[in-house]
Each structure stands twice: as C-alpha cells, then as structure tokens.
Visitor: 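I have a structure here, written as structure tokens, and I will follow up with some questions on it.
Note that ligands are numbered from 1 as they come in the structure, with each ligand's atoms numbered from 1 the same way. Because only heavy atoms are used, hydrogens play no part in the values below, and waters and symmetry mates are left out as well, while side chains stay in.
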Amino acid sequence: MDDQPKTAAPINLFDYAQLARGRLPKVVYDYYAAGAMDEISLRENREAYERLRLHYHVLAGMQNVDPATSVLGQPVAMPVLVAPTAFHRMAHQDGELAAVRAAGKAGTVFVLSTLSNTAMEEVTAAATGPVWFQLYIYKDRAVTSDLVKRAENAGAAAIVLTVDAPVWGTREPDVRNQFNLPEGLFVENLSPSGKQAFPKSAGSGLAAYVAQMFDGAIGWRDLDWLCAQTKLPVVVKGVCRPDDARRCADHGAKAIVVSNHGGRQLDTCPATIDALPAVAESVQGKLEVYVDGGVRRGTDVVKALALGARAVQVGRPVLWGLAVDGEAGVSHVLQILRRELSDALALCGYAAPDRVRRDVLGPG
Ligand code: FNR
Ligand code: LAC
C-alpha cells in the first residue's frame, strides 16, 4: 500500500511558505522572508503566539459561528485584513490585481502599499472590497500630497501611515543579494513623479531608494498634517508603545496597527502580540487597534482578539499564496485562515469575534 501522500497540495499557511520558497527566485524569496539584522523579532513574532494557551469553554450551546465583524465601520467577513506588502508582481505576474481580487472575494480589506508594482487606480478599479492606501511620507511633500489625493479619488477607504521606518531596517540578505526590482517592474504609484526606479546601489537598492526619497524626520506634526490633508480615516501603522498609541489618538488617528513591520525594522523590539495588551488598554474606546506580525493560524487570531485587537493583518502569507497560485493561491490562504478561525472560535466556545474575552488566555 503506497502510504505516500497523494498530493503535496498546501493545507496550511506554512505549506504555502514552503512551496513559495521553491517557486521564487532566491533574491525575491529572501526579500519577502527577511527580517532585520539577527531576525530575533521576526522569530519572536511567531514564537510569542505559540507560547500562549487557549482555556476553552465547554457546553457553550452555539448553533453556529460567524467570524464577521467591522473595521472603521466597514463590514468584513472576518477580522483578518491583508497587510500592505510591496512589489507583488515579483511573486506573480498579476501581482496586486490578483491579491486585491482575492481579498474582495474573501470579504475583507486590502491594504495597498505605496511601493506597489501596480498603480493604485488600477488596483481600486479591480477591487470588489474595501481598499486602504498605505502611505510613506516622501521628502517631497507635493508628491506625498498627490499620493493622498489620488488615493481618495481612486476610492480608497482609509489612509494607513507607516511610522516605524525613520531609517530602513537592515535586511542582510538584501544587502548580500544587492536587491533590486526585476527588469520591467517599478514603483508604479510614483511613475507620474519620475520616482519609480531604485538608484544604483552596492547593497540593497530599496534601502538606497528609501534613504533618497522617504522623510525620516517625520514627527507628530506630520500626523496632524496628514489628518488635515484628507477626509479619510487615518490609521497609524507601526506602534508598539501605549504612550505613542495615546498620542496617535490625540493627533487625529482613528486606528492603529501594533506592528513591527514583520520584524523588518528594529531588531529585538517586542513581539507584536506581547506589545498588544498594554497598547490596547491604553487607548480603549479612543481608537480601533489592529495587530500584525506572525499571524499564521486561526488560533492566533483568537489570541489577538483576546488581548484587545479588533482585527489582525497578514503580510507574508499573502505573498506565498501569490507565488504558489496567483489569485487562487491568495484566496485559498484567506479561506484557510477563515476556516481555522471559525473552528478556533467554536472550540473556545465563542459564536463571534466580539464575544472573545481575555480570560480565554487563562485566569489573571
Ligand atoms: C512588508 N511590510 C510593509 N509595511 C508597510 O507599511 N508598507 C510596505 O510597503 C510593506 N512592505 C512589506 C514587504 C514585505 C515583503 C513584507 C514581508 C512586509 C510590513 C507588513 O505590512 C506587515 O507589517 C508584516 O508583513 C506583518 O508580518 P507578517 O504577517 O509578514 O509576519
Ligand atoms: C518592506 C517595505 C517595502 O518592508 O515596507 O520591504
């Protein structure tokens, strides 16, 4: 009897990561997978979830479980959003168009990176669900203001300001690989301003681009500036401290993402699930709080909800889905997470995300 598995079809997000590694050119996989420096925070993002235990209820008598919720008043089928990740067309020729279509079919939010290989107007035209635009503030404020106006005009439903990259995290594989965009791919949102290509670099071309273009000196006044620039809700991404979270609320943000950029910026910063509870407690009721970094299982989503997040965001798993099977791959990744989340909610005795309580992580 042949006891070998009949097919190597992926059944979880780790399978997708492994398959993607075999499909992608090394330079591309290394860029997507890398964390900063010794990748301690990258590892901790995952291991911190694995250390948490779920103390489930029994005899909860639930007829059925519905993982639906809302973020910024926008209904989503599950508290799992697609995090902004750059350069999707390095993973699959359909790039951001495939990912945004899959997010829409999954009934959730797609956060589009400033550094996409597809112009925001094409992405929102292909979208069937909410698109939020993730913004890096360029030294050239006219360019930055134009990005915000275009995002509004293109129908974005929020602006996500990334604040954890005053300088670029050192991703050592990118330095060794002299990472650059493959021939024919560009930072398409910046084509109108002529800032769509990386400069020549002896190391990471992206790091050289960021050093040349991004304003590393942004402060709280720039959050004020952005909130005055747009009528869209502003989400601040990259917060890890309660005092900064409170200041985000004071300066006009409507939500924050507790994020360490997937461990790609400051190495040895806290795992995001460890940073989450103090941040969530400090802004209760003032802001919606999301968390990202290391979310790979439905049980991780329950843990994040229990510690005060309204939703999670996933980054790399979407890239792995793209690399393996384009739109269908991203759809399957999101379907796996939704099924695992529904099962985890049921097994914990909760009928919906807003029923999750902190004590599911244990007394005290
Ligand atoms: C990112 N991330 C990111 N964040 C952001 O604000 N703008 C961006 O353009 C990107 N680009 C990007 C590229 C790649 C390859 C990765 C892996 C990450 C960070 C991303 O939004 C998110 O914070 C993390 O990816 C979440 O961690 P996981 O889910 O990848 O573990
Ligand atoms: C990164 C950027 C694009 O982490 O945010 O690579």
Side-chain angles (χ1 to χ4, degrees), residues 13-14 16-17 20 24 27-36 39 41-49 80-91 95-96 99 109-118 120 132-137 147 158-171 173-174 179-181 187-190 198 204-207 209-210 213-214 235-240 256-266 269 271-273 275 290-297 300-301 304 311-323 333-334 337:
L13 273 53
F14 302 104
Y16 269 96
L24 291 169
V27 173
V28 173
Y29 176 80
D30 282 355
Y31 164 71
Y32 286 154
E39 301 188 332
S41 297
L42 173 64
R43 286 192 301 275
E44 271 295 292
N45 274 350
R46 180 69 217 136
E47 290 169 7
Y49 275 105
V80 179
L81 317 183
V82 174
T85 50
F87 312 137
H88 285 193
R89 287 186 60 204
M90 295 200 307
E96 289 84 0
V109 170
F110 180 79
V111 187
L112 175 68
S113 167
T114 290
L115 302 178
S116 61
N117 292 137
T118 314
M120 65 175 87
W132 296 359
F133 181 70
Q134 176 273 320
L135 177 72
Y136 280 117
I137 292 188
L147 286 170
I159 301 288
V160 178
L161 174 63
T162 297
V163 297
D164 58 5
V167 297
W168 212 234
T170 301
R171 299 90 184 259
D174 290 353
F179 172 63
N180 209 318
L181 281 174
V187 182
E188 285 297 351
N189 288 319
L190 278 294
F198 292 175
S204 162
L206 174 58
Y209 177 88
V210 169
M213 299 286 180
F214 290 3
V235 180
V236 177
K237 173 175 183 281
V239 176
C240 91
I256 56 173
V257 189
V258 176
S259 176
N260 58 25
H261 221 106
R264 294 161 72 80
Q265 286 299 109
L266 174 62
C269 65
T272 51
I273 194 65
Y290 318 129
V291 65
D292 75 14
V295 174
R296 300 292 183 270
R297 288 285 189 186
D300 299 333
V301 184
V312 305
Q313 297 192 9
V314 287
R316 293 177 181 90
V318 169
L319 299 166
W320 307 148
L322 264 185
V333 162
L334 295 174
L337 269 178

Visitor: Less than 4.5 Å apart, any side-chain heavy atom of L319 and any of H88?
Guide: yes
Visitor: At less than 4.0 angstrom from any atom of ligand 1, which residues have a non-hydrogen atom? List them by chain and residue number.
Guide: Y31, Y32, A83, P84, T85, A86, S113, Q134, Y136, T162, K237, S259, H261, G262, R264, D292, G293, G294, R296, V314, G315, R316, L319
Visitor: Short question: side chain of R264, backbone of R171 - any donor-acceptor pair under 3.5 Å?
Guide: no
Visitor: Do T114 and N189 have side-chain atoms, one donor and one acceptor, less than 3.5 Å apart?
Guide: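 There is no such pair between these side chains.
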Visitor: Could you check ligand 2 for N or O atoms lying under 3.5 Å from protein N or O atoms and list the pairs with distances?
Guide:
residue, atom, partner, partner atom, Å
ligand 2, 4 (O), R171, NH1, 3.3
ligand 2, 4 (O), R171, NH2, 3.0
ligand 2, 4 (O), H261, NE2, 3.0
ligand 2, 4 (O), R264, NE, 2.9
ligand 2, 5 (O), Y136, OH, 2.5
ligand 2, 5 (O), H261, NE2, 2.6
ligand 2, 6 (O), Y31, OH, 2.6
ligand 2, 6 (O), R171, NH1, 3.0
ligand 2, 6 (O), R264, NH2, 2.8

Visitor: Compare all side-chain heavy atoms of R316 with those of L42 and state whether any distance is below 4.5 angstrom.
Guide: yes
Visitor: Is the shortest side-chain heavy-atom distance between L181 and N117 below 4.5 Å?
Guide: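 In contact.
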Visitor: For a 4.5 angstrom cut-off between non-hydrogen side-chain atoms, does Y49 reach R296?
Guide: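 No, every pair of side-chain atoms sits at 4.5 Å or beyond.
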Visitor: Would you say that L13 contacts V333 through its side chain, given a criterion of any heavy-atom pair below 4.5 Å between the two side chains?
Guide: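 Yes, at least one pair of side-chain atoms sits under 4.5 Å.
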Visitor: Kindly say whether T272 contributes a backbone atom to a donor-acceptor pair with the side chain of N45 at under 3.5 angstrom?
Guide: yes
Visitor: With rounding to the nearest 0.5 angstrom, report the CZ to CZ distance, F179 to F198.
Guide: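 Answer rounded to 0.5 Å: 5.0 Å.
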